[in-house]
Amino acid sequence: MRLDRIIQDAGTVRVDGDVLAEIGSVCNDSRKACPGALFIAVKGCGTDGHSYIGKAVEAGAVAVVYEDDGPFLSSFPGVTFVKVASSRHAVAMIAAAFYGNPSSKLTLVGITGTNGKTTTVTLLYKLFMAQGYNCGLLSTIANYVGTKRLETENTTVDPITANSLMSEMVEAGCEYCFMEVSSIGVEQERVEGLHFKVGIFSNLTHDHLDYHGTFAEYLRCKKLFFDKLPADAFAITNIDDRNGEVMVQNTKAKVVRYSLRRMADHSCRIMEESFDGMMLRIDGREAWTRLVGRHNAYNILAIYTTAVTLGASPEDTLVAVSTLEPAPGRLETMHGPKGITVVLDYAHTPDALQNVLSTLRDIAPKKELVCLFGCGGDRDRTKRPEMAKVAEEYSDRIFVTSDNSRTERTEDIMDDIRKGFSAKGLAKTVFIADRKEAIRTALMFSHEGAAVLLAGKGHETYQIIGTEKRHFDEREVVGEVFAAMKNLDNKE
């Protein structure tokens, strides 16, 4: 594709070189540069792409998009240099143009909010696939093109990857794409140039303040997603959240509201609940779901509202809902000796932890409830004592351990968590830095019939300690401990 066509909406300031140069690929990672490539030097949080222009050119890049002037302009004769006002904005618009604006050929549905994004997009993908549509999925757990699974690294993929995958979806005959949209992704303009037909707001609670600095800025970035929706789109919002109306107050899209507590376009009530699922009444019709918890009732209502808004039959949608399985690592249960139920969940914010613990307390009010959790290193430190307060309120016993400590000392993270406990809370809390040992101890000393929540890892099969990503699958650990417990019972 010709360079001049690719950069039409990139915010070009100046071009030095051949604007008619043929471009064979685009990248913002110099390691992916190859002969005929266009390299976009993006200024990131940790690295500046301008420092890698030389490497990209050495690898064969014939054109470079940049934001800040530098000596490279005279160092590489024959290379076309395109100056733009913002390289972050440019990479999104260039990626969309290079891949033929694939999002405009799909019904693109994006969901943003602190909790529930992964569950909701995964359930939407499964719901529409079950109804005979070919779909794509861009999520924290994995990306899908139809039934083809691809691994993912970020909640919101970078613009080049997003447009590349959506181009594959179009070629594969997909009609819908369901995408997680994070506040960081919005702030970094990763979703610029994408044509959303539906935007969904789930909730807004304490998270990512290490990046955004203030809750107000976090809210602003979430709201920006809805502010940019076009007039022919739908903005679906949870009005039970105090920011639900705030999100859509300036949107041009048609607003659709859902609620469990008040009058709305679509509403829901929980009729029955157990470890095996819930009976819901949605818009006057009853439906069984294998998911549990009030937060999942919101997730189910969100996907129902989306499907009906896009023209699906309410009856057919509820029938399909009853067949859906939870997303991996979201209230995933394992049953073991002594009637112990282990619940694995990705909950890593105070609100998410409260949702899960309150659900378990409601389902089994007379059983011992054990909570094991940690907090990620190099992330928002202010939520650590808040997690402790939540765990203390709902749990009979607590184990504080490691999560993804990254470059922080696990002991320092646990000290931050410790500050949130009262003296009464500390009395029922055990601190064990090694997560495997903490799980073993929690299970071995749980009472008969206990519910043991392992919070924070969910679908993840690794731990990041320092800069090393180590294999760590809690399902394997629990299986080993359960096997050891059975052996002990047999010997007795």
Side-chain angles (χ1 to χ4, degrees), residues 114-116 119 203 205-207 240-241 260-261 270 272-278 291-299 326 329-335 338-376 380 382-403 413-414 416-432 435 438-439 441-443 445-458 474 478:
T114 306
N115 303 308
T119 295
N203 51 67
T205 60
H206 196 115
D207 201 15
D240 288 347
D241 186 281
L260 263 69
R261 298 203 301 258
I270 300 174
E272 298 176 22
E273 188 173 17
S274 71
F275 275 122
D276 298 319
M278 296 181 290
L291 283 73
V292 298
R294 178 168 290 272
H295 59 297
N296 274 323
Y298 278 108
N299 295 334
R330 269 63 177 179
L331 278 172
E332 182 178 340
T333 57
M334 297 178 67
H335 301 284
K338 300 194 303 183
I340 294 172
T341 299
V342 169
V343 180
L344 295 86
D345 196 272
Y346 188 55
H348 60 283
T349 66
D351 183 67
L353 188 63
Q354 182 177 19
N355 284 338
V356 176
L357 286 172
S358 62
T359 294
L360 298 180
R361 182 58 81 191
D362 288 343
I363 292 173
K366 297 182 180 179
K367 299 292 186 180
E368 180 186 40
L369 179 53
V370 180
C371 176
L372 180 147
F373 76 101
C375 289
D380 183 3
T382 62
K383 70 180 181 182
R384 295 172 185 174
E386 297 302 317
M387 298 278 281
K389 292 175 183 176
V390 171
E392 177 178 337
E393 180 180 355
Y394 290 93
S395 309
D396 296 308
R397 286 193 299 125
I398 304 163
F399 289 82
V400 175
T401 186
S402 59
D403 198 296
I413 296 172
M414 292 197 301
D416 284 342
I417 295 171
R418 189 189 302 269
K419 295 171 185 174
F421 288 116
S422 68
K424 185 178 179 180
L426 283 172
K428 60 180 180 180
T429 302
V430 179
F431 293 80
I432 303 175
R435 193 173 181 101
I439 293 172
T441 305
L443 295 183
F445 289 92
S446 289
H447 296 146
E448 187 168 342
V452 182
L453 172 65
L454 308 184
K457 300 299 294 174
E474 289 190 325
V478 172

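The chain is numbered in sequence order, starting from 1. Hydrogens, waters and symmetry mates play no part in the numbers below; they use all other heavy atoms, side chains included.
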**Heavy-atom pair with the smallest gap, counting every atom of F445 and R397** = O-NH2, 2.8 Å

**Prompt:** For G376, does its backbone N or O pair with a side-chain atom of R384 as donor and acceptor, under 3.5 Å?
**Reply:** yes

**Request:** Would you give the length of the straight line joining atom CD1 of I413 to atom CG of D403, rounded to the nearest 0.5 angstrom?
**Result:** 8.0 Å

**Message:** Once side chain to side chain donor-acceptor pair (under 3.5 Å) is applied, what residue pairs with a partner in residues 420-430 remain, sequence neighbours excluded?
**Reply:** E392-S422

**Item:** Nearest heavy-atom neighbours spanning V370 and A442
**Value:** CG1-CB, 4.5 Å

**Asked** Counting only N and O atoms by type, is there a donor-acceptor contact under 3.5 Å from the side chain of R418 to the main-chain atoms of F431?
**Response** no

**Prompt:** Is the closest side-chain heavy-atom distance between V452 and V478 below 4.5 Å?
**Reply:** no

**Message:** Could you work out, with side chain to side chain contact (heavy atoms under 4.5 Å, CB included) as the rule, every residue matching T333, not counting sequence neighbours?
**Reply:** H335, T341, V343

**Prompt:** Is it true that a side-chain atom of K338 and a backbone atom of S446 form a donor plus acceptor pair closer than 3.5 Å?
**Reply:** yes

**Value rounded to 0.5 Å, distance of CD in E273 from CZ in F275** = 9.5 Å

**Request:** To the nearest 0.5 angstrom, please state how far the OH atom of Y394 sits from the CG atom of L353.
**Result:** 9.5 Å

**Prompt:** Can you check side-chain contact (heavy atoms from CB on, under 4.5 Å) on H295 and N115, steps first, answer last?
**Reply:** CA-CA 9 Å; H295 59 297; N115 303 308; over 6 Å; no

**Message:** Give me the atom names and distance for the closest heavy-atom approach of C371 to S395.
**Reply:** CB-OG, 3.1 Å

**Polar side-chain atom of D240 near backbone of L260 as donor-acceptor pair, under 3.5 Å** = yes

**Message:** What's the separation between atom CG in N296 and atom CG in N355, rounded to the nearest 0.5 Å?
**Reply:** 9.0 Å

**Prompt:** Is the shortest distance from a Lys or Arg side-chain nitrogen in R435 or E474 to a carboxylate oxygen in the other one below 4.0 Å?
**Reply:** yes

**Message:** For V430 and T441: C-alpha separation, side-chain torsions, deciding distance, then whether side-chain contact (heavy atoms from CB on, under 4.5 Å) applies.
**Reply:** CA-CA 10 Å; V430 179; T441 305; 5.6 Å; no

**Asked** Of all heavy-atom pairs between D396 and E368, which one has the smallest distance, and what is that distance?
**Response** OD2-CA, 3.3 Å

**Prompt:** Are the charged groups of K383 and D351 less than 4.0 angstrom apart, N to O?
**Reply:** no

**Asked** Once you round to the nearest 0.5 Å, how far does SG of C375 lie from CD of E386?
**Response** 10.5 Å

**Step-by-step side-chain contact (heavy atoms from CB on, under 4.5 Å) determination, I417 to F373** = CA-CA 10 Å; I417 295 171; F373 76 101; 3.7 Å; yes

**Message:** Please find the pair of heavy atoms, one from V292 and one from S274, that lie closest to each other, and give the distance.
**Reply:** CG1-O, 2.8 Å

**Item:** Value rounded to 0.5 Å, distance of CG in N299 from CG in L291
**Value:** 7.5 Å

**Message:** Tell me whether D345 contacts the main-chain N or O of L331 through its side chain, where contact means a donor paired with an acceptor under 3.5 Å.
**Reply:** yes

**Prompt:** Do F421 and V400 pass the side-chain contact (heavy atoms from CB on, under 4.5 Å) test, and can you show the C-alpha distance, the side-chain angles, and the key distance before you say yes or no?
**Reply:** CA-CA 11 Å; F421 288 116; V400 175; 4.0 Å; yes

**Message:** How close do P385 and T382 get, counting heavy atoms only, and between which atoms?
**Reply:** CD-O, 3.6 Å

